[in-house]
Q: 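Sharing a structure below in structure tokens format, with a few things to ask.
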Amino acid sequence: MSLPKTHEQLEREKQIVAQAALGWVRTGMTVGLGTGTTARYFIGFLGEQVHRGTLQVTAVASSRDSEEAARQAGLTLTEPRRGLRLDVTIDGADEIAPDLSLIKGGGGALLREKVLAQAARYFLVIGDSSKRVQRLGAFPLPVEVIPFAAPWVLDRLQSLGAPDPAVRMERPGEPYLTDQRNYIIDCHFGVIENPAALGARLKEIPGVVEHGLFLPGAIPDRAEAALVCTGVDIMVLRPGVPAAGLSYLQD
Ligand code: 5RP
């Protein structure tokens, strides 16, 4: 059995996949920017390319954090507007299953992340090796709810099989607020046998704004591809296709 990776090793893996994701970006593209540490590395690398003049892009950010990171990186940002299709959205994930269904929202930005995933022609997920799972559910599933409904949503989540749903806290006595000023409820469902059925049940609960399951479907928010660093290589994962290695060059 291999030893768990150190924080430093996982950070390095995030940097490697974030750098590799630049290969999915071309000049003239409009790029959706995810949220989280991996997405932040990508934003930094993208900014370096723009600064060097090797890429010219416009970006839409999935959170205030990413907007700030993009500004610092010198990226040109645009706002959502009717008819706008993003060429690619590049984002991290908390769990990546073999069919590229995902759990996202560890960073609290799942709502706008899902909007940008669906607004994109191509959704690319990037992650370190710890994100790859056989089945979703070890990572607590985040559910975004309007604060008023939170007590009843907690009851409903419990009856759906999450024994201890908990409002995410910023600090004791102060719930974490999303960019939409909603709450996040983190749920331990255990192994999620049927993510589509659970996702549908969650969306039926009044007060639930969105959940962190990103899934194939009529309007898929599952990724087209995922880049996962194994420590020595990058695996390119696509649904229904055997994983392939991507050799990478380090600066
Ligand atoms: C934020 C997310 C992130 O993409 C997810 O939590 C992964 O974060 P990190 O890259 O820091 O591991 O969904 O809402």
Side-chain angles (χ1 to χ4, degrees), residues 5-80 86-96 102 104-117 119-132 178-179 214 223-237 246-251:
K5 301 246 171 94
T6 64
H7 175 76
E8 288 70 26
Q9 285 171 320
L10 293 176
E11 288 302 301
R12 183 73 194 116
E13 291 183 4
K14 290 176 189 185
Q15 291 172 13
I16 289 168
V17 285
Q19 181 94 53
L22 290 173
W24 271 251
V25 183
R26 299 282 178 273
T27 281
M29 282 186 167
T30 305
V31 181
L33 304 174
T35 296
T37 51
T38 321
R40 190 175 266 264
Y41 284 127
F42 170 72
I43 293 168
F45 292 137
L46 188 58
E48 283 173 19
Q49 296 298 315
V50 168
H51 187 67
R52 282 186 207 153
T54 43
L55 276 178
Q56 286 176 330
V57 296
T58 306
V60 182
S62 59
S63 62
R64 293 206 188 120
D65 277 356
S66 292
E67 195 176 312
E68 180 56 28
R71 284 193 207 292
Q72 283 174 13
L75 297 178
T76 304
L77 288 163
T78 190
E79 292 295 315
L86 309 180
D87 294 289
V88 63
T89 286
I90 297 178
D91 199 353
D94 301 300
E95 287 190 343
I96 305 171
L102 311 169
K104 288 185 49 54
L110 63 103
L111 175 57
R112 292 194 198 183
E113 288 172 338
K114 199 171 275 194
V115 171
L116 293 197
R121 293 192 181 91
Y122 199 97
F123 177 30
L124 178 68
V125 166
I126 51 178
D128 60 75
S129 51
S130 72
K131 307 299 175 60
R132 203 171 166 195
T178 68
D179 284 351
F214 283 51
E224 264 78 31
L227 305 182
V228 178
C229 189
T230 62
V232 289
D233 204 354
I234 297 173
M235 299 307 291
V236 185
L237 311 176
L246 178 83
S247 47
Y248 58 87
L249 296 172
Q250 290 169 267
D251 281 348

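Computed from a predicted model, the values in this text were never measured in an experiment.
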Q: Is there a side-chain contact between I43 and Q72 (heavy atoms, below 4.5 Å)?
A: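 A side-chain contact is absent here, since even the closest heavy-atom pair is not under 4.5 Å.
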Q: With a 4.5 Å cut-off on side-chain heavy atoms, are L75 and V31 touching?
A: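 With C-beta onward as the side chain, the pair stays apart.
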Q: Is it the case that E11 and Q15 place a side-chain donor and acceptor less than 3.5 Å from each other?
A: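 No - no donor-acceptor pair under 3.5 Å links their side chains.
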Q: Ignoring hydrogens and angles, tell me if any N or O in the side chain of S66 forms a donor-acceptor pair with the backbone of G34 under 3.5 Å.
A: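 Flag set: sc S66 to bb G34 pair under 3.5 Å.
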Q: Determine whether a donor-acceptor pair (N or O, by modelled atom type, separation under 3.5 Å) exists between the side chain of E13 and the backbone of S129.
A: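 Yes.
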Q: Distance alone, cut at 3.5 Å: any donor-acceptor contact between the side chains of S63 and D65?
A: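 No pair is found: no donor N or O on one side chain lies under 3.5 Å from an acceptor on the other.
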Q: Is the closest side-chain heavy-atom distance between F123 and L102 below 4.5 Å?
A: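 Yes, their side chains come closer than 4.5 Å.
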Q: Does T89 reach the main-chain N or O of L116 with its side chain, forming a donor-acceptor pair under 3.5 Å?
A: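 Checked: pair present.
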Q: Counting only N and O atoms by type, is there a donor-acceptor contact under 3.5 Å from the side chain of T38 to the main-chain atoms of G127?
A: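 It does not hold such a pair.
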Q: Do the side chain of S62 and the main chain of L33 share a donor and acceptor less than 3.5 angstrom apart?
A: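 Side chain of S62 to backbone of L33: a pair is present.
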Q: Are F214 and V125 close enough that some pair of their side-chain heavy atoms sits under 4.5 Å apart?
A: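 No, side chains not in contact.
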Q: Are E8 and R12 ion-paired here, with the side-chain N under 4.0 Å from a carboxylate O?
A: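 R12 and E8: not salt-bridged.
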Q: Donor-acceptor pair, D87 side chain versus T30 backbone, under 3.5 Å?
A: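 Yes; at least one donor-acceptor contact below 3.5 Å.
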Q: Could you tell me whether the side chain of K131 and the main chain of A93 form a donor-acceptor pair under 3.5 Å?
A: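 Yes.
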Q: I'd like to know whether V25 forms a side-chain contact (heavy atoms from CB on, under 4.5 Å) with F45, so could you lay out the CA-CA distance, the side-chain angles of the two residues, the decisive distance to 0.1 Å, and finally the verdict.
A: CA-CA 11 Å; V25 183; F45 292 137; over 6 Å; no
Q: Side-chain contact test, heavy atoms from C-beta onward, threshold under 4.5 Å: evaluate it for D128 versus V17 and give yes or no.
A: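 Counting from C-beta outward, D128 and V17 never come under 4.5 Å.
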Q: Using atom types as modelled and distance alone, determine if a side-chain donor or acceptor of Q56 lies under 3.5 Å from a backbone N or O of T27.
A: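 No; judged by distance alone, with no hydrogens or angles, the pair does not exist.
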Q: Side chains of L86 and Y122: closer than 4.5 Å at any heavy-atom pair?
A: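 Heavy-atom side-chain distance check fails, nothing below 4.5 Å.
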Q: List the atom of D91, the atom of A39, and the distance in Å for their closest heavy-atom pair.
A: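 So the minimum-distance heavy-atom pair works out to OD1-CB, 4.3 Å.
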Q: Between I126 and I90, which heavy-atom pair has the shortest distance, and what is it?
A: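 In terms of heavy atoms, the two residues are closest at CD1-CG2, 3.8 Å.
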